[in-house]
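To keep things clear, I will list the structure first and then write my remarks on it.
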There are 2 protein chains.
Amino acid sequence: MSSETAERTAGHHVCGHHSGLDCQHCQARHLSVCNALEPEDFDDLNRFGRTLNYAPKSTLFEQDETADNVLNLTEGAVRLYKLLPDGRRQVVGFALPGDFLGLAMSARNVFSADALTHVTVCQFSRTGFSDLLDRKPKLLRRLHDIASHELSLAQDQMVILGRRTAEEKIAAFLIGMRSRWAKINGASVHVPLPMTRQDIGDFLGLTVETVSRMLTRFAREKAIVIVPDGVRLLDVDRMERLAAS
Amino acid sequence: MSSETAERTAGHHVCGHHSGLDCQHCQARHLSVCNALEPEDFDDLNRFGRTLNYAPKSTLFEQDETADNVLNLTEGAVRLYKLLPDGRRQVVGFALPGDFLGLAMSARNVFSADALTHVTVCQFSRTGFSDLLDRKPKLLRRLHDIASHELSLAQDQMVILGRRTAEEKIAAFLIGMRSRWAKINGASVHVPLPMTRQDIGDFLGLTVETVSRMLTRFAREKAIVIVPDGVRLLDVDRMERLAAS
DNA sequence: CGTCCACTTGACAATCGTCAATAGCAGTGG
DNA sequence: CCACTGCTATTGACGATTGTCAAGTGGACG
């Protein structure tokens, strides 16, 4: 592991980095865009990207800032959110290892992102990456498939936000997080929740209080157990029925 | 105009078609994916796609059906929606001329689509189109940019669904439709609304009644005028303030 | 002219939000 | 070591926005 580990908790920038990557040994490779590349192409990426570390609560980038870089998350969890002028907040997603940040490829960030845990990313200049896409159609194709899939997930989230009750929203959220962690760590009834109740509420269009109430209700009814930094699913069937698309 | 106009209102299939397109004279070309192609590439498309017409209320395709085709809308308006097992419905979008249907490129449709007005589309086989993408990186790049933009819009819709009041939702919807029509017909205070109040409600996570009440309230307060098949915006400023970011 | 829908409007209900108090927990520094 | 601070989570009482139910209007079309 050749990346430095020094970090800053304040500010919103670099927290230890070195030039160059080590894609061959990347834990998150099979989950990432990079998977589209041939071994020989990795040299390109290795030279042109860099590894960065972020401390919990630090900012990766902010909405409306000029978007100089795109990122690929290799470790940790990130909260992606939009703010309304009056301070209301909508979390549009949580990024986990393997997730690509910067799909919009727009000149300015369309949302803010900050670290929920310690986070490691591969960073590439946006314009450089865009050029790379034009040279490597396979990479572009992979990125497009990822974007299409994200779009589909966003539409699922619309259903959750627009047409589901608080109870169903929480169930759908837990089932969703479970299946995302399954791709990373393998299936388990233990669902890590690195985000706060407030974050969950802002993701589901609920208040903290409602999130808390629903979770304690599920716990009281023995559908889940609340554990430090997550939940354990006892009645997966019930949760899946509530979440049922 | 060489496409036939015979239509069926029932069923969910073809309603008059002929093989081959006429991309050069397509009204919606500058709005569409196809814009990425060189003149000589159009021959490919012309041979390989076909024009279809659909009557109002007819079905273009249904959720979970095998997705044999992708479509590019050239005329009319289409409602895209997902159904929950118990009949609740979430409209995930309204397609207008220039819009591409089938971004997900998945084997099965992720939502249903039906015509709100008379509709004309260019149809391509999904696998054929997918192959074409691999042969024409420029087309792929354009499609990716469209998908990325759609993703960004979907995230905006999440904010509307999760964190806005009924009043703000309606305002945001009207302003949004206005700017979409502007790209097609040029800017105007007249906003055509080919969908029902129920559709608007299912798009915004509201009931018909709430939609109706908000629209009549805006009308009573002289912010809009309700006209057949749409509204006319009187107080654009107020609407934009309510819809703000 | 009558039927069918979409739309509107009103009365009432309920889910979920607001406000407030308290508990729990981690980190900090005397 | 422990009090102090600040943040997150929980819980309760109350309120309001929005949904539900019901009735009625009006326009389109056969």
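Every chain is numbered from 1 and lettered A, B, ... according to where its sequence line falls, protein lines coming before strand lines. The structure presented is a predicted model; accordingly, all values stated were derived computationally and were not measured.
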So, B/D99 and B/R180, do they make that salt bridge, N to O below 4.0 Å?
yes
Without swapping roles, check the side chain of A/N109 against the backbone of A/S112 for a donor-acceptor pair under 3.5 Å.
no
Donor-acceptor pair, B/T74 side chain versus B/T120 backbone, under 3.5 Å?
yes
Report each atom pair, protein N/O against N/O of nucleotides 25-27 of chain D, whose distance is under 3.5 angstrom.
none

Check: protein-nucleotides 25-28 of chain C nitrogen or oxygen pairs below 3.5 Å:
none

To the nearest 0.5 angstrom, please state how far the [atom1] atom of [X] sits from the [atom2] atom of [Y].
X: B/I146; Y: B/S32; atom1: CD1; atom2: OG; value: 7.5 Å
X: A/K169; Y: A/R163; atom1: NZ; atom2: CZ; value: 11.0 Å
X: A/L101; Y: A/C122; atom1: CG; atom2: SG; value: 11.5 Å

Counting only heavy atoms from other residues, nucleotides and ligands, does the tally under 6.0 Å from CD of B/E221 exceed 12?
yes
Less than 4.5 Å apart, any side-chain heavy atom of [X] and any of [Y]?
X: B/V208; Y: B/T196; result: no
X: A/V121; Y: A/T51; result: no
X: A/T117; Y: A/P194; result: yes

Classify the side-chain pair A/D114/A/Y81 by whether it contains a donor and acceptor separated by less than 3.5 Å.
yes
Please tabulate, for side-chain N and O atoms in residues 148-155 of chain B, each donor-acceptor pair with protein atoms closer than 3.5 Å (sequence neighbours left out).
residue: B/S148; atom: OG; partner: A/L103; partner atom: O; Å: 3.1
residue: B/S148; atom: OG; partner: B/H144; partner atom: O; Å: 2.9

Specify the separation, in whole Å, of atom NZ of A/K169 and atom C1' of C/dC16.
9 Å
Measure from CZ on B/F218 to C1' on C/dT9 and round the result to the nearest Å.
18 Å
Please set out all donor-acceptor pairs under 3.5 angstrom arising from side-chain atoms of residues 89-96 of chain B, sequence neighbours excluded.
residue: B/R89; atom: NE; partner: B/D202; partner atom: OD2; Å: 2.6
residue: B/R89; atom: NH1; partner: B/D199; partner atom: OD1; Å: 3.4
residue: B/R89; atom: NH2; partner: B/D199; partner atom: OD1; Å: 2.7
residue: B/R89; atom: NH2; partner: B/D202; partner atom: OD2; Å: 2.7
residue: B/Q90; atom: NE2; partner: B/D202; partner atom: O; Å: 3.1
residue: B/Q90; atom: NE2; partner: B/F203; partner atom: O; Å: 3.2

I'd like a table of atom pairs between the protein and nucleotides 6-9 of chain D - only N or O on both sides, under 3.5 Å - with the distance next to each one.
residue: D/dA9; atom: OP1; partner: A/R197; partner atom: N; Å: 3.4
residue: D/dA9; atom: OP2; partner: A/R197; partner atom: N; Å: 2.9

Base contacts versus sugar-phosphate-only contacts with protein, heavy atoms under 4.0 Å: please encode nucleotides 13-23 of chain D as B, S and - from 5' to 3'.
B----SSBB--
